[in-house]
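See below for the structure under consideration.
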Number of protein chains: 2
Amino acid sequence: MDLFAERGFDQTTVADIAARAGLTERTFFRHFTDKREVLFYGGQLLQEVMVAAVAAAPPDATPLAVVAAAVGAVAPAFAERRPGALVRQGIIEAHPELQEREVGKLARLAQAVADGLRQRGVPDPAARLAADAGVAVFRAAFAQWLASADRDMGSLIEECFDELIALAEAGR
Amino acid sequence: MDLFAERGFDQTTVADIAARAGLTERTFFRHFTDKREVLFYGGQLLQEVMVAAVAAAPPDATPLAVVAAAVGAVAPAFAERRPGALVRQGIIEAHPELQEREVGKLARLAQAVADGLRQRGVPDPAARLAADAGVAVFRAAFAQWLASADRDMGSLIEECFDELIALAEAGR
DNA sequence: AGCACTGATGTCAGTCACTGTCATAACCTA
DNA sequence: TAGGTTATGACAGTGACTGACATCAGTGCT
């Protein structure tokens with residue numbers, strides 16, 4: 001992360017990273033599947049929390065309510081993390097390949113949530129749509145959270161959910 | 001595409017592709033930024049059509065209505081394309097790196113649609129949410145279109161939009 | 001015809017991400 | 001202490017991708 005911030009992503013070779021960490025290039029690739037993966041390490045935790053929340057939601061809950069609970073469940077993990085998240089986002093936004101990885105992770109997350117919904121009996125395409133809607137809300141809330149200082153991720157998520165529902169109710 | 005279908009994506013080198021095309025490897029990279037890009041050639045057309053539809057929508061249209069019009073505008077492009085789309089999807093689904101590229105393209109598409117909405121005066125986070133919702137509908141409809149023979153992309157998109165609105169109205 | 005300009009291609013050398021394989025050292029357990 | 005497991009190093013190799021320069025066909029101008 002330090003190296004990426006110092007010289008930029010492509011100006012940093014894996015050999016550089018390994019050297020800075022006092023390891024071999026080969027060892028780096030035993031810990032990270034990818035050079036990009038450095039920036040997304042720990043993202044799996046997000047998915048696990050959300051999937052668990054989907055499974056733990058009350059049986060009679062509406063699909064969107066389940067998804068809202070799942071997205072809300074990850075909000076606490078963002079407290080106090082804004083400074084680090086800002087530099088990370090700065091690096092990602094400067095590199096399309098990194099944005100690809102990011103949305104790829106979110107797509108896998110949506111996939112997992114959709115699977116969880118299907119296990120609760122929600123049929124397609126509703127399961128897929130609800131999961132994708134949840135990820136959309138997460139992305140919108142995350143963007144707001146980065147843009148505005150001192151706003152709570154939890155309340156931003158709630159607001160974005162309300163906004164989405166308002167959009168839908170305005171109809172087409 | 002033939003080579004990918006024959007031996008698979010990673011078993012096909014760029015040198016193979018260039019040879020089959022009667023060209024040099026270097027020339028390949030002058031036409032495609034990437035080895036993956038072969039599978040996504042022409043995807044920009046989708047984005048152009050949708051952005052144009054966003055700009056062309058009536059001024060008083062609701063954000064979601066604008067997005068629905070935009071997504072609906074690309075439906076005709078799918079007629080008669082199912083056979084090719086099926087082999088393409090088969091290749092993509094077998095390779096996470098290709099799925100990443102696919103969702104990356106969709107993310108850029110959503111970004112462009114959101115920009116179009118903002119130019120129409122739709123504020124954030126509504127613009128972002130509506131655009132992402134549109135992409136979610138597209139994805140769901142596309143999946144159904146691939147799964148079921150002889151269904152029209154246009155009507156699938158409409159159904160998925162209705163489904164999304166129903167989900168939202170069921171509330172949270 | 002002769003000339004300049006442009007664009008597409010070839011050639012070649014180079015960098016770097018990533019992988020397979022084997023050796024080695026640290027460690028844990030019976 | 002012996003034997004197995006795990007983390008690391010060493011090393012060679014593949015293949016995607018890039019930069020620099022040469023070549024050549026076409027096009028317009030004189």
Pair Glu100(A)-Arg108(B), side chain to side chain contact (heavy atoms under 4.5 Å, CB included): steps then yes or no:
CA-CA 9 Å; Glu100(A) 251 180 33; Arg108(B) 257 163 280 176; 3.3 Å; yes
Under 4.0 Å, heavy atom to any atom of DNA chain D: which of residues 3-20 of chain B qualify?
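Result for residues 3-20 of chain B: Thr12(B), Thr13(B), Val14(B), sorted by number.
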Measure from NZ or CZ of Lys35(A) to the centre of the six-membered ring of Phe4(A) and say whether it is under 6.0 Å with the direction within 45° of the ring axis.
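No, a cation-pi geometry is absent between Lys35(A) and Phe4(A).
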Is the charged tip of Arg88(B) near the ring of Phe40(B): under 6.0 Å from the six-membered ring centre and within 45° of its axis?
yes
Side-chain heavy atoms of Arg82(B) within contact of Gln89(B), under 4.5 Å
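In short, these two side chains do not touch, never coming nearer than 4.5 Å.
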Roughly how many Å is it from [atom1] in [X] to [atom2] in [N], rounded to a whole number?
| X | N | atom1 | atom2 | result |
| --- | --- | --- | --- | --- |
| Phe28(B) | dT18(D) | CZ | C1' | 14 Å |
| Arg101(B) | dA16(D) | CZ | P | 14 Å |
| Phe29(B) | dA8(C) | CZ | P | 18 Å |

Does the pair [X]/[Y] count as a salt bridge with the N-to-O cut at 4.0 Å?
| X | Y | result |
| --- | --- | --- |
| Glu25(B) | Arg30(B) | no |
| Arg151(A) | Glu159(A) | yes |
| Arg139(A) | Glu102(A) | no |
| Arg101(B) | Asp34(B) | yes |
| Glu163(B) | Arg128(A) | no |

More than 12 heavy atoms of other groups within 6.0 Å of Glu169(B) CD
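Yes, because the 6.0 Å sphere around CD of Glu169(B) holds more than 12 heavy atoms from other groups.
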The contact string for nucleotides 5-11 of chain D, one letter per nucleotide 5' to 3', using protein heavy atoms under 4.0 Å with B, S and - for base, sugar-phosphate only and none, comes out as ---BBBB
Nucleic acid contacts of residues 35-45 of chain A, taken as heavy-atom distances under 4.0 Å to DNA chain C
Lys35(A)
